[in-house]
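First the structure, in the form of structure tokens, and then the observations on it.
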Amino acid sequence: MFAFGDISNQVYLLRAERRWTQTDLAKELGVTRQTIAAIENNKFVPSLELAFAIAYVFKKEITEVFHFAAYEENEEE
């Protein structure tokens, strides 16, 4: 049975490749620098709308930026 999973991202790497600061990316997206820092450190999972916007800014598919690793829940009988 599906339970939960972990979401990771490539935001830091994509941003660094472009030599953008967190502030640069935040301005492009209309969010705070703190939001970008939290996303990069996996402390905050962006909304679907923001995740798509991030992918769009980097000209990537959303699955190239965000990765979901599901794990199964052990059912006790």
Side-chain angles (χ1 to χ4, degrees):
M1 170 181 203
F2 171 79
F4 298 98
D6 295 315
I7 296 178
S8 60
N9 67 76
Q10 300 295 312
V11 174
Y12 173 81
L13 293 174
L14 293 167
R15 183 177 59 75
E17 284 175 0
R18 286 156 183 80
R19 298 178 191 221
W20 290 353
T21 65
Q22 289 178 341
T23 301
D24 294 335
L25 180 56
K27 284 181 182 176
E28 281 288 318
L29 296 167
V31 299
T32 66
R33 184 205 58 78
Q34 290 85 351
T35 298
I36 301 303
I39 293 168
E40 289 182 354
N41 291 307
N42 294 311
K43 302 225 184 267
F44 174 71
V45 176
S47 68
L48 191 54
E49 181 180 5
L50 180 54
F52 272 104
I54 292 168
Y56 180 82
V57 165
F58 289 124
K59 297 178 175 58
K60 301 284 185 184
E61 295 293 322
I62 197 167
T63 55
E64 295 177 278
V65 181
F66 295 93
H67 309 278
F68 179 74
Y71 59 87
E72 293 184 17
E73 183 178 72
N74 293 328
E75 289 188 38
E76 293 183 28
E77 296 181 49

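The minimum heavy-atom distance linking Ile39 with Pro46 is given by the pair CD1-CB, 4.0 Å.
A 4.5 Å side-chain heavy-atom check between Lys60 and Leu14 finds at least one atom pair inside the cut-off. Residues Phe44 and Thr35 are in side-chain contact: their nearest non-hydrogen atoms beyond the backbone lie under 4.5 Å apart.
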Identify all side-chain donor-acceptor contacts of residues 47-56 below 3.5 Å with residues at least two apart in sequence or on another chain.
{"residue": "Ser47", "atom": "OG", "partner": "Leu50", "partner atom": "N", "Å": "3.1"}

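For the pair Arg15 (side chain) and Trp20 (backbone), a donor-acceptor distance under 3.5 Å is present. Distance alone, capped at 3.5 Å, places no donor-acceptor pair between the Arg33 side chain and the Leu25 backbone. Side chain of Asn9 to backbone of Val11: a donor-acceptor contact under 3.5 angstrom is found.
Expressed to the nearest 0.5 Å, how far CG of Asp6 lies from CZ of Phe68 amounts to 8.0 Å.
Judged purely by distance below 3.5 Å, without hydrogens or angles, the side chains of Gln10 and Glu64 never pair a donor atom with an acceptor atom.
Using a 4.5 Å cut-off between side-chain heavy atoms of Ile, Leu, Val, Met, Phe, Trp and Tyr, Tyr12 falls into a hydrophobic cluster with Leu13.
In this structure, Arg19 places its CZ atom where only 12 or fewer heavy-atom neighbours from other residues, nucleotides or ligands lie under 6.0 Å away. With a 6.0 Å radius and a threshold of 12 heavy atoms from other residues, nucleotides or ligands, Glu61 has its CD atom at or below the threshold.
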